[in-house]
Participant: 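This is the structure, below, for whatever I ask next.
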Amino acid sequence: MLDILKIKLNNIEKRRADVSKGLIHQSSNIKSGDINTVSTKDLELLFHLYDQIFFENWFQNNFPGKLRFSLSRRMTKSAGLTLCPKNIVKIQPEELVIEIRISVNLLFNYGMLEGNKMVGGILTSNNLEALQLIFEHELCHVIEFIHYHKSNCTQERFKSLARNIFGHIESTHKLPTSNQIATQKLGLNIGDNVSFNFEGKRLTGILYRINKRATVMVKDKNGYLTDKNGNRYVKYYVPLPLLNGLKE
């Protein structure tokens, strides 16, 4: 039986390509390396392909718990996240539920900037490859949670797993974030004065935060937010393409 903690795979690129081909063949959403639609069923299919091609169905045959998959539009900095109950030690193996969550924003922002996009220290050429490498990283978290009840991708144990199974040489992902897109494409930075249209009016304010949308603080005498100088503001959430920078 496969010892999932000790495996050191070869032909990793071929295995990864086989997963990609299987996903494109079986998914109703993903038909090429350029993803513009994805569902949780695609993530579930991706998992089963990895289990077959990389793990000889180890999860199917040895993990009595359940894996869930989700997509997030709120994750703007982390490309992936693995959620495990804090009381995992007290949970029966067959009742354990671990969730892999993937950021839709970082996935679909892939082509917004030029330049290299690295995931796990590996250069990617499209967002399907990026998704696979992110997913591989999260699978290493899953393996650690199952066997050790905790996981940390900055530690050598995790890095060794990711390197031996998937050939990852880093634990970080370098994909375009909303902040980078705002800075490089729109020339905007936190603290800049910006303008935008809202309900037929042109409003001006201060760029306060950049996530999926920009948070802009607009002065308003009836505003519910105040600064240390007593100025009152209303907070607006504005899609990045609708913002215009204002020269000082």
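One is the number of the first residue; the rest follow in order along the sequence.
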Participant: Looking just at side-chain N and O atoms, do S160 and E156 make a donor-acceptor pair shorter than 3.5 Å?
Facilitator: no

Participant: Please name all residues satisfying salt bridge (charged side-chain N to carboxylate O under 4.0 Å, His left out) with E99, sequence neighbours left out, ordered by chain then number.
Facilitator: R101

Participant: Using a 4.5 Å cut-off on heavy atoms from C-beta on, say whether the side chain of L128 contacts that of D34.
Facilitator: no

Participant: Around E94, counting heavy atoms of other residues, nucleotides and ligands shown, do more than 12 lie under 6.0 Å from its CD?
Facilitator: yes

Participant: Going by salt bridge (charged side-chain N to carboxylate O under 4.0 Å, His left out), name the residues that satisfy it together with K159, two or more places apart in sequence or in a different chain.
Facilitator: none

Participant: Please list, chain by chain and in numerical order, all residues satisfying side-chain hydrogen bond (donor to acceptor under 3.5 Å, both in side chains) with N36, sequence neighbours excluded.
Facilitator: none

Participant: Check side-chain hydrogen bond (donor to acceptor under 3.5 Å, both in side chains) between S78 and all other residues, then give those that pass, not counting sequence neighbours.
Facilitator: none

Participant: May I have the step-by-step check of side-chain contact (heavy atoms from CB on, under 4.5 Å) for Y237 and T215, ending in yes or no?
Facilitator: CA-CA 5 Å; Y237 298 101; T215 302; 3.5 Å; yes

Participant: Within a reach of under 6.0 Å around NZ of K21, are more than 12 heavy atoms found that belong to other residues, nucleotides or ligands?
Facilitator: no

Participant: Where do N244 and V194 land on the side-chain contact (heavy atoms from CB on, under 4.5 Å) test, with the steps shown first?
Facilitator: CA-CA 5 Å; N244 290 297; V194 294; over 6 Å; no

Participant: Got a salt bridge between E144 and K150, using NZ or NE/NH1/NH2 to carboxylate O under 4.0 Å?
Facilitator: no

Participant: Is it true that atom CZ of R202 has more than 12 heavy atoms of other residues, nucleotides or ligands lying nearer than 6.0 Å?
Facilitator: yes

Participant: How would you list, by chain and number, every residue that makes a side-chain hydrogen bond (donor to acceptor under 3.5 Å, both in side chains) with R213, sequence neighbours excluded?
Facilitator: none

Participant: In the hydrophobic clustering (ILVMFWY, side-chain contacts below 4.5 Å, transitive), which residues join L83, or is it alone?
Facilitator: M75, L81

Participant: What residues form a salt bridge (charged side-chain N to carboxylate O under 4.0 Å, His left out) with R15, not counting sequence neighbours?
Facilitator: none

Participant: Give every residue pair that meets the ring pair (Phe, Tyr, Trp, His ring centres under 6.0 Å) criterion with at least one member in residues 177-199, sequence neighbours excluded.
Facilitator: F196-Y236, F198-Y236

Participant: Please, which pairs that meet ring pair (Phe, Tyr, Trp, His ring centres under 6.0 Å) have at least one residue in residues 77-114, sequence neighbours excluded?
Facilitator: none

Participant: Please name all residues satisfying salt bridge (charged side-chain N to carboxylate O under 4.0 Å, His left out) with E136, sequence neighbours left out, ordered by chain then number.
Facilitator: R16

Participant: Describe, in one word, how the ring planes of H137 and H141 are oriented to each other, choosing from parallel (under 30°), tilted (30 to 60°) and perpendicular (over 60°).
Facilitator: perpendicular

Participant: Among all residues two or more places apart in sequence or in another chain, which pass the side-chain contact (heavy atoms from CB on, under 4.5 Å) test with L43?
Facilitator: F69, L71, I102, L131, F135

Participant: Return each pair, listed once, that meets salt bridge (charged side-chain N to carboxylate O under 4.0 Å, His left out) where at least one residue sits in residues 215-240; pairs must be two or more places apart or across chains.
Facilitator: none

